[in-house]
J.: 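Mind looking over this structure? Questions follow.
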There are 4 protein chains.
Amino acid sequence: MRRKDDNKLTNIFDATLELVTSKGLSETSVSKIAKKANISSSTIYVYFESKEDLLIKLYVKLKKNMSKSIFDSIENSSEFKESFKILLNNFINYIIENPDIFLFIEQFNNSPLYNKIPQEYYDDLYQLHDSFYQKGKEQNLLKDVSIYLLTVYTYYPVVQLIKTYFSGEVELTDSNIESVLQMSWDAIKV
Amino acid sequence: MRRKDDNKLTNIFDATLELVTSKGLSETSVSKIAKKANISSSTIYVYFESKEDLLIKLYVKLKKNMSKSIFDSIENSSEFKESFKILLNNFINYIIENPDIFLFIEQFNNSPLYNKIPQEYYDDLYQLHDSFYQKGKEQNLLKDVSIYLLTVYTYYPVVQLIKTYFSGEVELTDSNIESVLQMSWDAIKV
Amino acid sequence: MRRKDDNKLTNIFDATLELVTSKGLSETSVSKIAKKANISSSTIYVYFESKEDLLIKLYVKLKKNMSKSIFDSIENSSEFKESFKILLNNFINYIIENPDIFLFIEQFNNSPLYNKIPQEYYDDLYQLHDSFYQKGKEQNLLKDVSIYLLTVYTYYPVVQLIKTYFSGEVELTDSNIESVLQMSWDAIKV
Amino acid sequence: MRRKDDNKLTNIFDATLELVTSKGLSETSVSKIAKKANISSSTIYVYFESKEDLLIKLYVKLKKNMSKSIFDSIENSSEFKESFKILLNNFINYIIENPDIFLFIEQFNNSPLYNKIPQEYYDDLYQLHDSFYQKGKEQNLLKDVSIYLLTVYTYYPVVQLIKTYFSGEVELTDSNIESVLQMSWDAIKV
DNA sequence: CATGAATGAGGATTCATTCAT
DNA sequence: CATGAATGAATCCTCATTCAT
C-alpha cells in the first residue's frame with residue numbers, strides 16, 4: 001500500500017468521526033467530510049461505495065478496536081467474576097478516554113444504519129464477547145439465560161450512565177462506578 | 001372563522017408516528033407528514049411552531065399516556081417487590097402492544113431532540129417514576145444509589161431486549177420475560 | 001366613525017411603519033404586521049385590498065403629513081431665498097425628528113411600489129412643492145429649468161446625506177447643514 | 001474533472017442582471033436566475049456561496065467597470081472644471097447606454113445589501129472618485145466640504161433625473177443635460 | 001488515483017390571500 | 001366587523017451522487 005493513500009483514508013475516517021461527534025450523524029454530510037479532510041467529495045467515492053458504506057466501515061473498525069482493547073488484559077486463568085469486573089472496568093475506562101469513539105458508536109447503534117451492517121462483519125463485532133460469556137456459563141456462574149441477555153445487562157446500563165454523564169446531567173464518581181459493577185454482576189450472576 | 005377540525009391534529013400526530021416508525025426520524029420530513037395526513041405542509045405550521053415543536057409535543061403526549069397506563073394498576077398497598085414486577089411487566093406489555101409508540105420514543109430518546117425538551121414538560125415525564133422508586137428506597141429495599149441508576153437498570157435492558165426482538169434477532173418467550181424481571185430486580189435490590 | 005375601528009387602523013399603520021423601519025420593506029409581511037398590531041391577519045383585508053394597497057396608503061398619508069408640516073411656517077410674504085432655506089431646514093429637522101417616517105418613505109421610493117401609486121394621489125404628494133417653486137420662478141430667482149429639476153437638487157442631496165448620517169458613516173454638524181443649504185441654493189439659483 | 005464552462009458564470013451574471021432590472025431585486029430568486037441561465041439552481045452554489053454573494057460580486061463588477069469606463073478619457077492635464085463636466089457627461093452617457101447596469105446598481109444601492117459589501121471591495125468602488133475630487137480641492141476650486149458631500153451633489157441629482165427619465169415621466173434633452181452639468185458645478189464650486 | 005463541476009430531488013419554512021363562521 | 005384555519009406557491013439552500021477529465 002502506498003503511504004499517501006493511507007493518509008487519505010485515515011483523513012476521511014478522522015473527519016467523519018469528528019463531525020459525527022460534534023454535529024451529530026444527521027448533520028454529517030459527504031461534502032462536510034470532504035472539506036474537513038481537505039479532499040474533494042468525489043474522492044470519497046474512490047474509497048467507499050456510498051456514504052452508508054463509509055459509515056459502516058468506520059463503525060466496524062472502531063468497534064473492533066474497542067473490543068480488542070477491552071479484552072486485551074483479560075487472562076484466561078483468572079477467576080471469572082474477577083475477569084468480568086476487569087472487563088467492565090476496561091469498558092468504562094475506554095469510553096471515558098475515547099468519548100468520540102463512544103459517541104460515534106452510540107449514534108450509529110441508534111440509527112437505521114445499524115440494521116444495514118452486512119453479516120460478514122458480525123464475527124468482528126461479537127465473537128470476543130460471546131466466547132467470554134460462554135466460559136462463565138460453563139462454570140455455572142451465570143444465570144441460565146441467553147448470552148445476548150447477559151451482555152444486555154452488562155453493557156447497556158453502563159452505556160446509559162455514561163451518556164448521561166457526558167451530557168452533564170449526572171456525576172461519575174468512583175462510588176457510582178463501583179455500584180454499577182456490582183449491579184451488573186448481581187443481574188447476571190446465578 | 002372556520003371551525004377547527006379536531007381530526008386534523010390527530011391526523012398530523014398519526015402520520016408523524018407512522019412515518020418515524022417506518023422510515024426513521026431522519027427520513028421524516030414535514031412534507032411527507034403533510035402528504036400522509038392529507039393536508040398542506042403549511043397547515044402543519046398552523047398547529048405547531050416548527051417541526052421540532054411537533055415532534056416534542058408528540059413525544060410528551062405519548063410518554064405521558066404510557067406512564068399513566070403503566071402505573072394505572074399499581075396499588076399503593078401492595079408489597080414493593082410485587083409492584084415492581086407488575087410495573088415492569090406492564091411496561092413490557094405496553095411496548096409489545098404498541099410497538100409504534102415504543103419505536104418512536106426510542107428514536108426520539110436517541111436523537112438531539114431529547115435535549116431540547118422544555119423544562120415545563122419534565123413533571124409529565126418523570127414524576128410517577130421518581131415517586132415510585134422513592135417509596136422503595138424509603139423501605140430500604142433498594143440499593144443506596146441514585147434513582148436515576150435504579151431506573152437505568154430497570155428499563156434500559158428491557159428496552160434493548162425488545163428492540164432486538166422487534167428486529168427479529170431474538171425471541172421473546174415467557175421465560176425470557178421472567179428472566180428479565182428477575183435480573184432487573186437482582187440488579188437494584190439490596 | 002367608531003372609536004374602536006379607528007384604533008385598529010392606526011395600529012395597522014403603526015405596526016407597518018415600525019416593521020419596515022426596523023426590518024426592512026422586504027422583511028415586512030402581512031402576518032408580522034398583524035402580530036404586531038395584535039389583530040388577525042385577515043382583519044387587515046377588511047381595511048385594505050392588499051398588502052400593496054396598505055403600503056401605498058400609508059406612504060401617501062405620511063408624505064402628505066410631512067409636506068403640510070414642512071410648509072406650515074412658510075409665509076407668502078417673506079423673501080423667496082429666505083423661504084427656501086427655511087423650507088429646506090424644516091425638511092431636515094422633520095427627517096431628523098421622525099427617522100421612522102423618513103426611512104419608510106425612502107424604502108418605498110426605491111421599491112417597485114413607487115411606480116404603482118395611483119394618479120389620484122399625485123396632487124396630495126406634489127402640489128405644495130410645485131406651487132412654491134413656481135413662485136420662485138416667477139420672480140426670476142431660479143434657473144430656467146423644470147420644477148422637477150429644481151426639486152431634485154433641493155431634496156435628493158439632503159436625503160442622501162441624512163441616510164448616510166443614519167447609517168452612522170457621517171456626522172451631521174451645523175456646518176454640514178449650512179453647507180448643504182448653500183450648495184442646494186447655489187445649484188438652483190440663477 | 002469536467003472543464004469549467006466560462007460561459008456559465010457569464011450566463012448567471014447576465015440572467016441576474018436581466019431579472020433584477022425587469023422584475024426588481026426582491027422578485028429575483030435563485031431559481032428564476034437558474035431558469036433564465038439554463039442551469040440547475042444548485043449549480044449557482046458551485047460558483048457563489050449564497051445569493052447575497054452572487055449579487056454583491058455582480059454589483060462590484062459592474063461598478064468597477066463603470067468607474068473605469070467613465071474615468072477612462074479624463075486626462076490629468078486638463079483643467080479641473082473641464083474634466084468635471086466631461087466626467088459627469090461620461091456618467092450620464094454610460095447610464096443611458098447601459099440602463100440595465102444603472103438600474104441594477106440603483107436597486108442594490110437602496111437595498112440592505114449595500115451595507116453588506118465586504119471592506120476588501122471598497123477600493124474598487126471609491127478610489128477613482130476620491131482621488132479625482134481630492135485634486136479639485138487641492139486646487140481650491142471646490143467648496144470646503146467633505147468629498148462625500150461633493151459626490152452627493154455630483155451624482156445623486158443626475159441619478160434621480162435619469163431614473164425619472166427611464167420611468168417615462170420626464171424628457172432628457174440636451175438642454176436638460178447642460179442644465180444639470182451647470183447646476184452640479186454651481187453646487188460644488190467655491 | 002483524484003477531482004472540480006454539475007445536478008435533480010428534497011429540506012424546513014414563510015408568504016399573501018381566501019374561506020367560512 | 002372580525003377572525004382563526006387553511007393553503008399552494010414560493011423562498012434559499014444542501015444533499016448524495018455522477019460525470020468527464
Side-chain angles (χ1 to χ4, degrees), chain A residues 1-2 4-5 8-9 26-35 37-55, chain B residues 1-6 8-9 26-35 37-55, chain C residues 2 4-5 8-9 26-34 37-55, chain D residues 1-6 8-9 26-34 38-55:
Chain A
M1 265 198 281
R2 283 194 249 161
K4 200 184 174 191
D5 303 343
K8 223 154 237 166
L9 197 65
S26 67
E27 297 297 305
T28 299
S29 69
V30 173
S31 66
K32 282 180 191 160
I33 294 170
K35 187 169 281 175
N38 274 316
I39 55 170
S40 164
S41 45
S42 38
T43 304
I44 288 177
Y45 291 85
V46 173
Y47 293 88
F48 303 98
E49 279 180 20
S50 65
K51 185 192 180 188
E52 193 174 300
D53 182 40
L54 156 57
L55 289 168
Chain B
M1 60 163 183
R2 292 196 203 163
R3 207 143 93 272
K4 192 161 175 174
D5 186 350
D6 271 355
K8 217 154 248 170
L9 196 67
S26 67
E27 295 299 305
T28 299
S29 68
V30 173
S31 65
K32 281 179 191 159
I33 294 171
K35 190 167 282 174
N38 273 317
I39 55 171
S40 166
S41 14
S42 45
T43 304
I44 288 178
Y45 291 87
V46 173
Y47 291 86
F48 303 98
E49 280 181 17
S50 62
K51 184 193 180 186
E52 191 174 301
D53 182 42
L54 156 57
L55 290 168
Chain C
R2 282 194 247 159
K4 201 186 176 193
D5 303 343
K8 224 154 239 169
L9 197 65
S26 67
E27 297 298 304
T28 299
S29 68
V30 173
S31 64
K32 283 179 191 160
I33 294 170
N38 275 317
I39 55 168
S40 164
S41 44
S42 38
T43 304
I44 289 177
Y45 290 86
V46 173
Y47 292 88
F48 302 98
E49 279 180 20
S50 64
K51 185 193 180 188
E52 193 173 300
D53 181 42
L54 156 58
L55 290 169
Chain D
M1 63 165 180
R2 292 196 203 165
R3 211 148 89 268
K4 192 162 175 173
D5 187 351
D6 271 356
K8 217 153 249 169
L9 196 67
S26 67
E27 295 300 305
T28 299
S29 68
V30 173
S31 66
K32 282 178 191 159
I33 295 171
N38 273 317
I39 55 171
S40 165
S41 17
S42 46
T43 304
I44 288 177
Y45 292 87
V46 172
Y47 291 86
F48 303 98
E49 280 181 16
S50 63
K51 184 191 179 187
E52 191 174 301
D53 182 42
L54 157 57
L55 290 168

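On a predicted model such as this, the values are computed, not experimentally measured, just so you know. Letters go in sequence order (proteins before strands), and every chain restarts at 1.
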J.: Rounded to the Å, how far apart are B:L54 CG and E:dG11 C1'?
T.: 15 Å
J.: What distance separates A:T43 OG1 from A:L9 CG, expressed to the nearest 0.5 Å?
T.: 12.0 Å
J.: B:L55 CG to E:dA12 C1': how many Å, rounded?
T.: 12 Å
J.: Locate the shortest heavy-atom distance separating A:E27 from A:K32; write the atom from each residue and the value.
T.: O-NZ, 3.0 Å
J.: Side chain to side chain contact (heavy atoms under 4.5 Å, CB included), that's the test. Do C:T28 and C:L55 meet it? Break it down for me.
T.: CA-CA 10 Å; C:T28 299; C:L55 290 169; 5.5 Å; no
J.: Measure from CZ on C:F48 to P on F:dA2 and round the result to the nearest Å.
T.: 12 Å
J.: Closest heavy-atom contact between B:A34 and B:S40?
T.: CB-C, 3.9 Å
J.: How many Å lie between CG on A:N38 and P on E:dC1, as a whole number?
T.: 20 Å
J.: Which distance, rounded to the nearest 0.5 Å, do you find between the CG of C:N38 and the NZ of C:K8?
T.: 10.0 Å
J.: Which parts of nucleotides 8-15 of chain F does protein reach within less than 4.0 Å, heavy atoms only, written one letter per nucleotide 5' to 3' as B for base, S for sugar-phosphate only and - for none?
T.: B--SSBBB
J.: Can you tell me how far NZ of C:K51 sits from OG of C:S41, rounded to the nearest 0.5 angstrom?
T.: 12.5 Å
J.: Find the distance between OH (B:Y45) and CG (B:D53) and round it off to the nearest 0.5 Å.
T.: 10.0 Å
J.: Should stems be defined as at least three consecutive Watson-Crick or G-U pairs with both distances under 3.5 angstrom, which of them involve DNA chain F?
T.: E:2-21 with F:2-21
J.: Rounding to an integer number of Å, can you tell me how far A:I44 CD1 sits from F:dA16 P?
T.: 9 Å
J.: Are C:K8 and F:dC1 close enough that a side-chain N or O sits under 4.0 Å from OP1 or OP2?
T.: no
J.: Is any side-chain nitrogen or oxygen of C:Y47 closer than 4.0 Å to OP1 or OP2 of F:dA2?
T.: yes
J.: When rounded to the nearest 0.5 angstrom, what is the spacing between CD1 in B:I33 and CZ in B:F48?
T.: 9.0 Å
J.: Taking only residues two or more places apart in sequence or in another chain, which ones pass salt bridge (charged side-chain N to carboxylate O under 4.0 Å, His left out) with B:E52?
T.: B:K116
J.: Rounded to whole angstroms, how far apart are CD1 on C:I33 and P on E:dT14?
T.: 16 Å
